[in-house]
Amino acid sequence: MIKREKMKSKKAQIKMGETMAILVIFFFLLVIGMSFYVKVQKFSIGRQVEGAKEMEAIQIAQKASFMPELQCSFKNIPIDNCYDISKILFFRQSLDDQRRFLEYTDVFGNSEIWVEELYPTPGNVESIFDNPLPGYVQARLTRVPISLYNPRTRDYSFGILYINITSE
Amino acid sequence: MKSVIRLDKNRKAQMEIMGLAVIMILAVLGLLFVVKFVLMKPETKSELRQSQQESQLAANLINAFLKTTTDCPGKHSVTTLIQDCAQLSPRIRCGALSSCEFVNQTINDILDQTLEEWGKTYQFTISDISEEINISNGDCSGERETKFSPIQAAGKTVVLKLDICS
């Protein structure tokens, strides 16, 4: 009788041990799985945020390349891929008005936009919009070849429109 | 009898351990699957921005320099000089250089200051003119963005072609 009792007790202990081992392994796998899933999700969300920033950069670059305030026009017909230098200078001055500057901040965000003449007189740089994020970490630079029209001399020079979008 | 019961128990235990091992193997396979298809996706959005930029770069570059007023006496534009170069006997002289030589030099300067400085591989050609213009930088054998720009000149069509390669 006592032997049978002892044997039963041993069986029960073995069964308990088995169940505990299964539970330990199960929770171990669960924890590994969860931590891996969280890492993958974090990585995936990071990529989505990067993607959204890139799309925003493309949008801002497109808006800056086709600003009607700066485009060359003849008899009210706008000319693509051409900026009027006198309009650039006037636009720059108009941004001294804080309200106007804030309006354009809504459009261009934390970016820097400028043009640089390369031919025939290299080195002339005109800033169009200047609002970089202080202490920025990332910057996405877009370069657009552009014609620069001088209404006084009626000449076209070759330049580059730079759009630098800054972020944390 | 007792030994048969023990053997039976041993087999059961072995089967259970086998079951656990199979679960572990399935879990590892699942993890490898996730790593392959989630973490190693080929296309990223920064490539999208680059591809979008490059698709417009060739077109914007040609459109911009065609309008450019050159240093050539008479303030001729690049388009005018190309049209003159396309004639059987070009008439415009830019100092000591013919219109073809001057256009070649001007476009070369512009491409040096832009595409070459930005580390791009490119090939630029103007065909059907008295002195064919061919400017290139690097080996242009991979994928490319191409812009063709036709100009009417001397009763024919002169084609400018710019390939920006990646």
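We use all heavy atoms of the structure for the numbers below, so side chains are in, but hydrogens, waters and symmetry mates are not. Residue numbers start from 1 in every chain, and the chains themselves are labelled A, B, ... in the order their sequence lines are given, proteins ahead of strands.
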Legend entry - Selection from B:Thr68, B:Thr106, B:Val78, B:Asp109 maximising heavy-atom pairs under 4.5 Å formed with chain A: B:Thr68

Inset, instruction - Working to the nearest 0.5 Å, report the span between CG of A:Asn81 and CG of B:Asn60. - result: 4.5 Å

Legend entry - pair A:Ile79-B:Lys67: side-chain heavy atoms closer than 4.5 Å: yes

Legend entry - Note, B:Thr114 side chain near A:Ile160 side chain (heavy atom, < 4.5 Å): yes

Inset, instruction - Following the transitive rule for hydrophobic clusters with a side-chain heavy-atom cut-off under 4.5 Å over Ile, Leu, Val, Met, Phe, Trp and Tyr, establish whether A:Leu30 and A:Leu23 coincide in one cluster. - result: yes

Legend entry - B:Ile110 portion near chain A, given a 4.5 angstrom heavy-atom threshold: side chain

Inset, instruction - Identify whether A:Leu148 and B:Leu66 are in the same connected component of the hydrophobic contact network (ILVMFWY, side-chain heavy atoms under 4.5 Å). - result: no

Legend entry - Donor-acceptor pair, side chain of A:Ser147 and main chain of B:Ala64, under 3.5 angstrom: yes

Legend entry - Flag side-chain contact, heavy atom, 4.5 Å: A:Ile25 against B:Leu20: yes

Inset, instruction - Please check if A:Ile146 and A:Phe66 belong to a single hydrophobic cluster, counting links between Ile, Leu, Val, Met, Phe, Trp and Tyr side chain heavy atoms closer than 4.5 Å. - result: no

Legend entry - B:Lys156 atom NZ: more than 12 heavy-atom contacts under 6.0 Å: yes

Legend entry - Proximity breakdown for A:Glu18 and chain B, heavy-atom pairs closer than 4.5 Å: side chain

Inset, instruction - Any chance you could lay out the side chain to side chain contact (heavy atoms under 4.5 Å, CB included) test for A:Leu29 and B:Met24, step after step, and finish with the verdict? - result: CA-CA 8 Å; A:Leu29 284 173; B:Met24 288 292 289; 3.6 Å; yes

Legend entry - Passing candidate, side-chain contact (heavy atoms from CB on, under 4.5 Å) with A:Pro120, options B:Thr70, B:Asp71, B:Thr69: B:Asp71

Legend entry - Heavy-atom check, side chain of A:Val144 versus side chain of B:Gln56, under 4.5 Å: no

Inset, instruction - Please check if B:Val159 and B:Leu162 belong to a single hydrophobic cluster, counting links between Ile, Leu, Val, Met, Phe, Trp and Tyr side chain heavy atoms closer than 4.5 Å. - result: no

Inset, instruction - Evaluate whether atom CZ of A:Phe74 has more than 12 neighbouring non-hydrogen atoms of other residues, nucleotides or ligands under 6.0 angstrom away. - result: yes

Inset, instruction - Go through the atoms of A:Ser65 and report whether side chain, backbone, both or neither lie under 4.5 Å from a heavy atom of chain B. - result: neither

Legend entry - A:Phe101 CZ: over 12 foreign heavy atoms closer than 6.0 Å: yes

Legend entry - chain A contact via B:Ile23 - side chain, backbone, both or neither, heavy atoms under 4.5 Å: side chain

Inset, instruction - Answer yes if A:Phe108 and A:Tyr136 sit in the same cluster of Ile, Leu, Val, Met, Phe, Trp and Tyr residues linked by side chain heavy atoms under 4.5 Å apart, and no otherwise. - result: no

Legend entry - Pair A:Phe158-B:Leu61, side chain to side chain contact (heavy atoms under 4.5 Å, CB included): steps then yes or no: CA-CA 9 Å; A:Phe158 180 87; B:Leu61 199 61; 3.4 Å; yes

